[in-house]
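Notes to accompany the following structure.
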Protein chains: 2
Amino acid sequence: MTDPRRGPGTGLSRPTVSRLPGYLRALSSLAGSGTVRVSSAELARLTGASPAVLRRDLAGLGQLGRRGVGYPVATLQQAISQALGLVEDQPVVLVGAGHLGSALAGYAGFEDRGLRLCAVLDADPRLIGQRRGAVVVQSIDELEDTVTAAAARLAILAVPTGAAQSVAERLVAAGIRGLLNFAPVDLAVPAGVTVRAVDLSTELQILAFHQAELRPGPTGAPPSP
Amino acid sequence: MTDPRRGPGTGLSRPTVSRLPGYLRALSSLAGSGTVRVSSAELARLTGASPAVLRRDLAGLGQLGRRGVGYPVATLQQAISQALGLVEDQPVVLVGAGHLGSALAGYAGFEDRGLRLCAVLDADPRLIGQRRGAVVVQSIDELEDTVTAAAARLAILAVPTGAAQSVAERLVAAGIRGLLNFAPVDLAVPAGVTVRAVDLSTELQILAFHQAELRPGPTGAPPSP
DNA sequence: TAGATTGTTAATCGATTAACAATC
DNA sequence: TAGATTGTTAATCGATTAACAATC
């Protein structure tokens, strides 16, 4: 056994975990329109997954569907929320109240999705005291106290590139275990801490490849839809 | 042959393409500090990839390194830029000049990374004429003309969820082939168009799983770093 | 020459797909 | 019963890893 990356008990692969939020979103939409039951074929269509992958993913969460019938929407929502650790709202600390941080704080989907923005911090004294979403901007000096008080394990980093690494280190030292990094830099963190990076350039560069790749090939006829 | 997803000539796998921007970023940093040569071990360390994956990825771009020596930084930058289709700056259209759109427009790394923000569009008449980054906000009525005039194939969608699908359709009809979607909705697009989605909730929910997973297991002792 | 490092091959690992028996 | 749909198995596919020969 070299690297047992799977968690204790939960036998969910990385790709499976990355698809669960998408299922959850589609299920919320279905629930919102009063749908109580859904088939793997329908949910797959809504999320872009294949029906086989979907059934396999869901089978990993327990005996949720009924053969010949489908899946109960509410049960599925509960099971996925539980698997992701979102049964109780997860407190999230946001560092950075600039343009990007403000936009993220205003995101209207935290509560609905098992997340709760519990604090916004910034180093700029002029921003302290201003409203962002449902909270008031605090000084970054209060970082450690805030993370501890909220028992937060998730944080969003929307600070200038030059500050990202040191703020990340303070967050981790205070107890943060999952970091969503919007600064264009590769953070170094200790084992046991997960970083996900969102970088505008990276995303656009990947898209650039795909659009460049799909030039009309040597065969003259363009592919029909 | 069922689904030849690889492009004409360029034999780059999806995971390889998604790693190239990271290499490019590390190389820019190296070049900035005057480094002219780098080994796969060092570049791997900087980007978090394994040296073997890195060499394999780069081998797909041509004969770039020299055995016993390493890779020339400048040559590598050129080769990756070429592979991604960024030798000439790619024009990018941004739709949405609200909080998020404004933050994205202010992103200071477009030019350095082979991208050029060529227009910002919004439906709100009060925003039209305001500066965002290096450009002035135009009416969304000019969407088709703008995309055509710039020959843009990449666009960023930072509009309200309810508007995302219809704006996406207009962009695609005007010639956009790669869409970076910040709205929390699964866009339906025709074949040949690539969508990448950035969703705050999705990212945080994935992080929630990882931090929940890493609870101390049944064995008493916490894992040492 | 000796040491270093790439490019490449073969082995391993893991995920997806297709098919179908179980079961509602 | 007949039709539908899940849960699961086996086959396929693709990526990563480890090792090393080639070569600077």
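Just so it is clear: chains get the letters A, B, ... in the order the sequence lines come, proteins before strands, and each one is counted from 1.
For the pair B:S40 and C:dT6, the criterion of a side-chain N or O lying under 4.0 Å from OP1 or OP2 is met. The side chain of B:Y71 places no N or O atom within less than 4.0 Å of a non-bridging phosphate oxygen (OP1 or OP2) of D:dC24. Dashed line: the shortest gap from a side-chain N or O of B:S39 to OP1 or OP2 of C:dT5 is not under 4.0 Å.
Following rounding to the nearest Å, A:Q63 (CD) and D:dT8 (C1') show an atom-to-atom distance of 11 Å. Rounded to an integer number of Å, the gap from A:E42 CD to D:dT5 C1' is 14 Å. With rounding to whole Å, B:D57 atom CG is found 14 Å from C:dT6 atom C1'. D:dG7 atom P lies 10 Å from atom CG of A:L61, rounded to whole Å. D:dG14 atom P lies 15 Å from atom CG of B:L12, rounded to whole Å. Here the P atom of nucleotide C:dT6 and the CZ atom of B:R56 are 15 Å apart, to the nearest Å. Protein atom CG of B:L43 is 13 Å distant from nucleotide atom C1' of C:dT6, rounded to whole Å. For the pair B:L54 CG and D:dA15 C1', the interatomic distance rounds to 15 Å; values are reported in whole Å.
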inquiry  = Once pairs are restricted to Watson-Crick or G-U wobble with both distances under 3.5 Å, how does DNA chain C read as a dot-bracket string, [ ] for crossings and | for other-strand pairs?
reply    = ..||||||||||||||||||||||
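No side-chain N or O of B:Q78 forms a donor-acceptor pair with one of B:Q82 less than 3.5 Å apart.
The side chain of B:R55 approaches C:dT6 more closely than any other nucleotide in the set C:dA19, C:dC24, C:dT6. Considering only the side chain of B:R67, D:dA22 comes nearest among D:dA22, C:dC24, D:dT8. Out of D:dA18, D:dA15, C:dT16, the shortest distance to the side chain of B:P15 is found at D:dA15.
Checked by atom type and distance alone, the side chain of A:T16 never pairs as donor or acceptor with a backbone atom of A:L12 at under 3.5 Å. Side chain of A:T35 to main chain of A:A31: no donor-acceptor pair is present (N/O by atom type, distance under 3.5 Å, no hydrogens or angles). Counting only distance, with no hydrogens or angles, the side chain of B:Q205 and the backbone of A:R113 share a donor-acceptor pair below 3.5 Å. Judged by distance alone, the side chain of A:D199 and the main-chain N or O of A:E203 form no donor-acceptor pair under 3.5 Å.
As judged by a 4.0 angstrom heavy-atom cut-off over every strand, A:T16 is placed among residues making no nucleic acid contact. Nucleic acid contact class of A:R19 (heavy atoms, under 4.0 Å, all strands): sugar-phosphate only. Across all strands, B:R66 comes closer than 4.0 Å only to sugar-phosphate atoms, never to a base (heavy-atom distances).
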ask   = Are A:R170 and A:E144 close enough, and set up right, to give a salt bridge (Lys or Arg N to Asp or Glu O under 4.0 Å), and what steps lead you there?
value = CA-CA 7 Å; A:R170 289 178 62 186; A:E144 286 77 11; 2.9 Å; yes
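Contact check for A:L46 versus A:L30: side-chain heavy atoms found under the 4.5 Å cut-off.
Taking for each of A:V69 and B:L58 the nucleotide of DNA chain C with the nearest heavy atom, the 5'-most of the two is the partner of B:L58.
By the 6.0 Å contact criterion, CZ on B:R37 is open, its count of non-hydrogen atoms from other residues, nucleotides or ligands being 12 or less.
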